[in-house]
Amino acid sequence: MHMAALGACGLRHVYGRLHIKPEELKEAFGRLSETGFIGVNLTIPHKTAILPLLNHIDPHAKIMGAVNTVHFKEGELSGFNTDGRGLARAIADDFGVQLGTLRVMVIGAGGGAGRAVALQCALEGCPELILVNRTRHKAEALAREIEALPAQSSAASRVTVLESDDAGLQRCLEKTDIILQCSSLGMNEGDPSPISSALLHRQLLVYDTIYSRETQLVLDAKAKGAKTSNGLSMLLHQGALAFEIWFNQPAPVAVMRAALLDYRKTSSH
Ligand code: NAP
């Protein structure tokens with residue numbers, strides 16, 4: 001999607017992949033900075049390991065405690081996090097609503113994706129935030145972190161913590177507008193849904209961050225008549241936001257979306 005974006009904007013750059021081991025990170029970033037790279041996207045485990053190597057960290061990335069986009073400028077390294085904002089744009093795009101107006105249930109609120117998503121919901125001002133995780137103490141730690149956000153950063157979301165098998169799930173789903181599925185349950189063929197289909201209803205919006213397959217949750221939600229979407233749009237928008245940071249111009253989102261969909265089609269054969 002980045003190569004398509006570069007081509008559409010007439011930018012003569014190349015987006016490629018580099019395999020860098022954790023112990024090579026410092027040396028690699030020194031070299032990338034010296035050799036004219038404009039920026040980098042990072043994935044696990046580098047999203048947190050990069051923090052001490054940066055000259056500047058965007059306030060949003062500071063709250064997230066992780067950086068997925070680095071911009072090299074005048075010999076300095078600036079770090080940003082576009083994952084959460086990418087999700088907010090994806091929800092607006094896919095469902096035509098602002099994330100901050102919704103009562104949200106985050107499933108998998110103990111992993112990396114769930115953390116970024118839940119923090120973004122708080123920053124957007126979601127009135128209700130229900131955190132569900134198989135291992136309860138991880139969701140509780142996240143809830144404490146959200147409650148400790150500076151008042152100006154969050155519009156005081158009401159936070160509730162539940163285990164995935166908690167009987168309270170049904171009660172909470174009655175006051176949920178959108179389910180944001182962030183656990184890895186669904187990645188593998190035959191994985192069950194984290195929520196019993198009997199609890200789903202047609203008024204729910206269901207967003208599964210997994211985009212490599214149609215998960216059981218999405219299939220069940222569709223069968224109930226609920227609106228659904230998957231994490232491809234989050235991937236798209238985090239990439240578009242990174243492009244905007246590197247080139248200080250709007251990203252050609254339609255071109256990037258078409259390239260992503262094309263790639264998916266060809267890679268699934
Ligand atoms: P992670 O840090 O390893 O977290 C995994 C999460 O899934 C934890 O909350 C874990 O719960 C939960 N989980 C794992 N197996 C489970 C099971 N059998 N039953 C219930 N819960 C289970 O992984 P991550 O990086 O957050 O990624 C999670 C998912 O997000 C992946 O499927 C990935 O595809 C998706 N993702 C999508 C995007 C996007 O752009 N669309 C970006 C990032 C990630 P415990 O705490 O109990 O272990």
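Fair warning: this is a prediction, and the values are worked out from it, not measured in the lab.
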Connected hydrophobic set around [X], excluding itself, where side chains approach under 4.5 Å:
X: Ile210; answer: Met187
X: Leu51; answer: Leu18, Ile20, Leu25, Phe29, Leu32, Phe37, Val40, Leu42, Ile50, Leu53, Leu54, Ile57, Val67, Val70, Phe72, Leu77
X: Val218; answer: none

Residues in side chain to side chain donor-acceptor pair (under 3.5 Å) with [X], at least two apart?
X: Glu147; value: none
X: Asp220; value: Gln216
X: Thr160; value: none
X: Lys222; value: Glu214

Interatomic distance, [X] atom [atom1] to [Y] atom [atom2] [nearest 0.5 angstrom]:
X: Cys121; Y: Leu180; atom1: SG; atom2: CG; answer: 5.0 Å
X: Thr215; Y: Asp208; atom1: OG1; atom2: CG; answer: 3.5 Å
X: Cys126; Y: Ile91; atom1: SG; atom2: CD1; answer: 9.5 Å
X: Gln170; Y: Leu162; atom1: CD; atom2: CG; answer: 12.5 Å
X: Ile38; Y: His13; atom1: CD1; atom2: NE2; answer: 3.5 Å
X: Ile63; Y: Leu149; atom1: CD1; atom2: CG; answer: 5.5 Å

**Asked** Would you say Lys227 has more than 12 foreign heavy atoms packed within less than 6.0 Å of its NZ?
**Response**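 No.
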**Student check: side-chain heavy atoms of Leu217 and Leu200 closer than 4.5 Å** =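 Counting from C-beta outward, Leu217 and Leu200 do come under 4.5 Å.
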Counting only pairs under 3.5 Å, give me each side-chain donor-acceptor contact of residues 93-109, with atom names and distances, residues two or more places apart or in other chains.
residue, atom, partner, partner atom, Å
Asp93, OD2, His237, NE2, 3.1
Asp93, OD2, Arg257, NH2, 2.7
Asp94, OD2, Ser229, OG, 2.6
Asp94, OD2, Ser233, OG, 2.6
Thr101, OG1, Gln98, O, 2.7
Arg103, NE, Asp177, OD1, 3.4
Arg103, NE, Asp177, OD2, 3.1
Arg103, NH2, Asp177, OD1, 2.9

Side chain to side chain donor-acceptor pair (under 3.5 Å) contacts touching [range] (sequence neighbours left out):
range: residues 239-252; value: Arg89-Glu244
range: residues 26-52; value: Tyr15-Asn41, Glu27-Arg31, Asn41-Thr69, Lys47-Asp83
range: residues 54-66; value: His56-Glu76, His60-Gln120

Show which side-chain atoms of residues 110-117 pair as donor or acceptor with protein atoms under 3.5 Å away, not counting sequence neighbours.
residue, atom, partner, partner atom, Å
Arg115, NE, Met64, O, 3.4
Arg115, NH1, Glu145, OE1, 2.8
Arg115, NH1, Glu145, OE2, 2.5
Arg115, NH2, Met64, O, 2.5
Arg115, NH2, Glu145, OE2, 3.3

